[in-house]
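In what follows, a single structure is set out as structure tokens and then discussed.
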Protein chains: 2
Amino acid sequence: MSTRDDLIEATRELMWERGYGATSPREILAASGAGKGSMYHHFPSKEALAQAALARNSDQMQAEVEQAFTLDGDALTQIRAYLTEHREALKGCQFGRLVQEPEVIEAETLRSSVGDMFAWIRAQLVVVISRGIASGELRADLDPTRTAAAIAATLQGAYVLARAAQDSSVFDDAVEGTLALLEAARA
Amino acid sequence: MSTRDDLIEATRELMWERGYGATSPREILAASGAGKGSMYHHFPSKEALAQAALARNSDQMQAEVEQAFTLDGDALTQIRAYLTEHREALKGCQFGRLVQEPEVIEAETLRSSVGDMFAWIRAQLVVVISRGIASGELRADLDPTRTAAAIAATLQGAYVLARAAQDSSVFDDAVEGTLALLEAARA
DNA sequence: GTCTATACTTGGATAGAC
DNA sequence: GTCTATCCAAGTATAGAC
């Protein structure tokens, strides 16, 4: 499409591969075919461009996650679907990785985009868990907020462990381990 | 102590704050008081210096974790101690953060140090969980390997979520959520 | 809107004197 | 062992012509 769009797409892909700090204008220009002049015409800074790319990634991620949470079935079915949606374990989570970078934490606009994304996911999980408790599927003494945080954390941590080990079976172990604990918490 | 030691200490602290890629020789020299000549006399490269610093961090971490796992008490007591040991949630895990950097993944010597560290922790957890099962504390149908991965992942993911939210209560929620699930899995 | 040229800083590392 | 000087590539951004 437009040059502006090409820039955003190239940045999306590069940030997904390399994170924010390690993605340079140079690479973005090479990947998009745009020139330096164009880039700084459309965006005032690398950060602004990254922000645009991140927003687009965010929309896409929310659409994917929503699929799992609107599936027919009980709470554990939806949670299982969320945790086992297609993931490239060794690549890590595009959002989780960003937030480990000091540069991203310092760029408040970037950090809060990621924060909002995760907050939204946890909120979805709270709904699913609360429904599971209300329907008598899950134990009434589960705290939905804490349980939701635990589930979301499992996924993020599974990426970290799998990358450290360079072995995606560690990712699967963590996910299955948490799902088994949830099974144990059935009412 | 020695200049060599000062370099390692400075690198340790900086990597803990900024990660690997974002820690420059410049900063290391400023923090350690050493000169460029000294640095490249003692270490052939930034990577070699980082490796030395990482090894030291690793030893320290193992010592801390060992305390939790040698505590008097049942399995859940030890696991709780491990998960609630003093953590600066918003800073993230010094090891987990490293492994999100492409540069670290590419530097095999660094990556495998982190990998070994986590593998060791998971192995400790497997022992604790297996003991809990054997003693009748935990349900016999728990898979120790998967459960261990889930617990280790909770911690790493809790850091990620807390940093994204810039709110350490998310960290606590995730940890407590997982501990509650483990309580539900008592025999 | 886009291009080329330019600017200035930092990163990572080497050379050679002391 | 340590210092200073130097090197070259890359990062991020601006200027000004077209």
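Because only heavy atoms are used, hydrogens play no part in the values below, and waters and symmetry mates are left out as well, while side chains stay in. This structure is a prediction, so every number in the text was calculated from the model and none was measured.
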Among [options], the nucleotide that comes nearest once only the side chain of [X] is considered:
X	options	result
A:Lys36	C:dG12, D:dT2, C:dT4	C:dT4
B:Ser24	D:dA10, C:dG11, D:dG1	C:dG11
B:Ser38	D:dT2, D:dG11, D:dT14	D:dT2
B:Ser45	D:dT2, C:dA13, C:dT2	C:dA13

Between [Y] and [X], is there a salt bridge with N-O shorter than 4.0 Å?
X	Y	answer
B:Glu27	B:Lys46	no
A:Glu17	A:Lys91	yes
B:Glu13	B:Arg18	no

Whole-Å gap separating [atom2] ([N]) and [atom1] ([X]):
X	N	atom1	atom2	answer
A:Met39	C:dT4	CE	P	16 Å
A:Phe43	D:dT14	CZ	C1'	18 Å
B:Leu29	D:dT4	CG	P	11 Å
A:Asp5	C:dG1	CG	C1'	16 Å
B:Asp6	D:dT2	CG	P	9 Å
B:Arg26	D:dT6	CZ	C1'	14 Å
A:Leu49	D:dG11	CG	C1'	15 Å
A:Glu47	D:dG11	CD	P	18 Å

(request) Decide whether a cation-pi geometry holds between A:Arg122 and A:Phe69; the criteria are a distance under 6.0 Å from NZ or CZ to the six-membered ring centre and an angle within 45° of the ring axis. (result) no
(message) For the backbone of A:Ala89 and the side chain of A:Arg163, can you confirm whether one donor and one acceptor N or O come within less than 3.5 Å of each other?
(response) no
(message) Judged by each residue's nearest nucleotide on DNA chain D, which is more toward the 5′ side, B:Arg4 or A:Glu27?
(response) B:Arg4
(message) Does C:dT14 have its OP1 or OP2 closer than 4.0 Å to a side-chain nitrogen or oxygen of B:Tyr40?
(response) no
(request) Give a yes/no on whether any side-chain N or O of B:His41 is located under 4.0 angstrom from OP1 or OP2 of C:dT14. (result) no
